[in-house]
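A quick write-up on the structure given underneath.
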Number of protein chains: 2
Amino acid sequence: MTEPRWLDEGEKAAWIAFLSATNLVNRRLEQQLKDDAGLSHTQYEVLVQLNAAADGALRMTELADRLVTSKSGLTYQITQLERAGLVSRRSCPSDVRGVFAEITDQGREALRSAAPGHVEAVRQALIDVLTPEQLGHIAAGLGEVSRRLRAEPRCPSQAPQGA
Amino acid sequence: MTEPRWLDEGEKAAWIAFLSATNLVNRRLEQQLKDDAGLSHTQYEVLVQLNAAADGALRMTELADRLVTSKSGLTYQITQLERAGLVSRRSCPSDVRGVFAEITDQGREALRSAAPGHVEAVRQALIDVLTPEQLGHIAAGLGEVSRRLRAEPRCPSQAPQGA
DNA sequence: ACTCCGTTGTTAAAATTTGAACCACCGGCG
DNA sequence: CGCCGGTGGTTCAAATTTTAACAACGGAGT
């Protein structure tokens with residue numbers, strides 16, 4: 001066990017900025033959505049995904065993957081949204097176990113109504129703070145980060161042994 | 001009420017990458033710390049902050065601000081850490097209401113023992129995925145985002161009227 | 001058709017977070 | 001001194017997330 005590779009100054013700065021910014025942005029958006037639309041950020045994202053989906057519906061597992069949330073967590077949130085009339089459950093014809101979450105007209109309406117305020121908040125918190133170049137760098141960098149983490153569920157060291 | 005300024009393709013890509021990456025990274029680190037050190041990410045950060053502080057101690061409110069967490073949330077976590085013997089509470093001499101959270105020797109030891117695995121995970125999830133240039137761009141961009149959000153608790157539109 | 005393993009979604013219980021309500025106290029002012 | 005608005009932490013209940021079972025099912029191999 002050799003000495004770990006600690007972060008140098010630049011790396012530490014990036015890490016701290018990342019931690020701090022993500023927490024602050026999340027907190028801000030959560031607040032804005034709750035105050036202005038009565039939705040949690042998770043719930044909002046559910047509506048976004050369903051609204052964009054082909055039939056306004058997605059399988060539970062697929063949806064959970066997209067939202068980066070646990071299946072049980074999704075079950076809970078879908079139940080809440082269903083109770084609010086924004087989403088409904090439908091069983092899958094080809095697989096008895098399967099369940100589709102489907103956005104309702106009321107759900108689409110809620111989304112339409114919440115979207116402008118949300119987008120504005122996203123701009124204020126993140127987008128409009130950065131230059132287009134910075135935005136591009138972040139999209140590229142964090143896009144790569146996402147891609148890798150999605151590909152590799154958990155591996156101690158998958159790096160190909162050099163040479 | 002004019003038509004909201006929706007996100008263009010590039011902005012949307014950046015936003016999605018941001019959302020996705022932050023969720024995935026957080027999830028990964030949470031898991032790693034829990035598995036390898038029995039700490040939540042929040043608890044780990046508490047130890048980091050206290051360890052770095054002058055006397056190994058910080059006021060509750062100061063700590064809550066640094067961690068971007070609520071005061072009641074911190075009260076809970078400090079209680080947990082205290083129960084585990086990693087932190088202790090000490091009252092403030094100059095202000096009867098005040099409470100210091102102070103890291104114990106055992107806490108420092110726990111941190112020392114958890115740090116290498118954590119740093120390695122941070123590298124795998126974020127740092128080593130990016131080039132030094134990308135890291136620099138992210139540090140600059142997200143640093144600015146943090147700075148602004150910390151400065152402006154909540155303002156509909158604080159932008160100075162042009163001219 | 002039957003067995004076995006992996007999947008799908010839900011459930012239950014525990015852990016954590018949130019938000020409001022609270023108490024006690026600080027500090028400035030009359 | 002005594003009052004007042006604001007601060008620092010905690011407490012409580014409600015909401016949400018996590019984790020580990022669970023029950024039922026799909027699908028491939030035999």
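Proteins come first, then strands; the chains are lettered A, B, ... in the order of their sequence lines, and each starts at number 1. Worth saying up front: this structure is predicted, and the values here are computed from it rather than measured.
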Gap between atoms NZ and C1', on K71(B) and dG6(D) respectively (whole Å):
11 Å
Check whether any side-chain nitrogen or oxygen of R59(A) sits under 4.0 Å from OP1 or OP2 of dG9(C), and answer yes or no.
yes
In whole Å, what is the span from the CG atom of L74(B) to the P atom of dT11(D)?
13 Å
Under 4.0 Å between a side-chain nitrogen and a carboxylate oxygen: does that hold for R66(B) and E45(B)?
no
Whole angstrom is fine here: how far is it from NE2 in H41(A) over to P in dT17(C)?
19 Å
Listing time: all N or O pairs from protein to nucleotides 14-18 of chain D that are below 3.5 Å?
| unit_1 | atom_1 | unit_2 | atom_2 | d |
| --- | --- | --- | --- | --- |
| dT16(D) | OP2 | Y76(A) | OH | 2.8 |

Please give, in whole Å, the distance from dG8(D) C1' to D65(B) CG?
12 Å
Pairwise side-chain contact, T75(A) with M60(A), heavy-atom cut-off 4.5 Å (strictly under):
yes
Nearest 0.5 Å please: distance from the CG atom of L58(B) over to the CD atom of Q49(B).
7.0 Å
Nearest 0.5 Å, what's the CD1-CZ distance between I78(B) and R89(B)?
6.5 Å
Looking at R27(B) and E30(B), is any side-chain nitrogen of the basic one under 4.0 Å from a carboxylate oxygen of the acidic one?
no
Same apolar cluster (I L V M F W Y, side chains within < 4.5 Å links), L33(A)/W15(B)
no
Nearest to the side chain of T61(B) - dG8(D), dC25(D), dT11(D)?
dG8(D)
Quick one: R97(B) CZ to dC25(C) P, roughly how many Å, whole number?
10 Å
Rounded to whole Å, please give me the gap between CG in D95(B) and C1' in dG6(D).
12 Å
Could you state the atom-to-atom distance from CE of M60(A) to P of dC25(D) in whole Å?
18 Å
Round to the nearest Å and state the distance from E30(A) atom CD to dT17(C) atom P.
14 Å
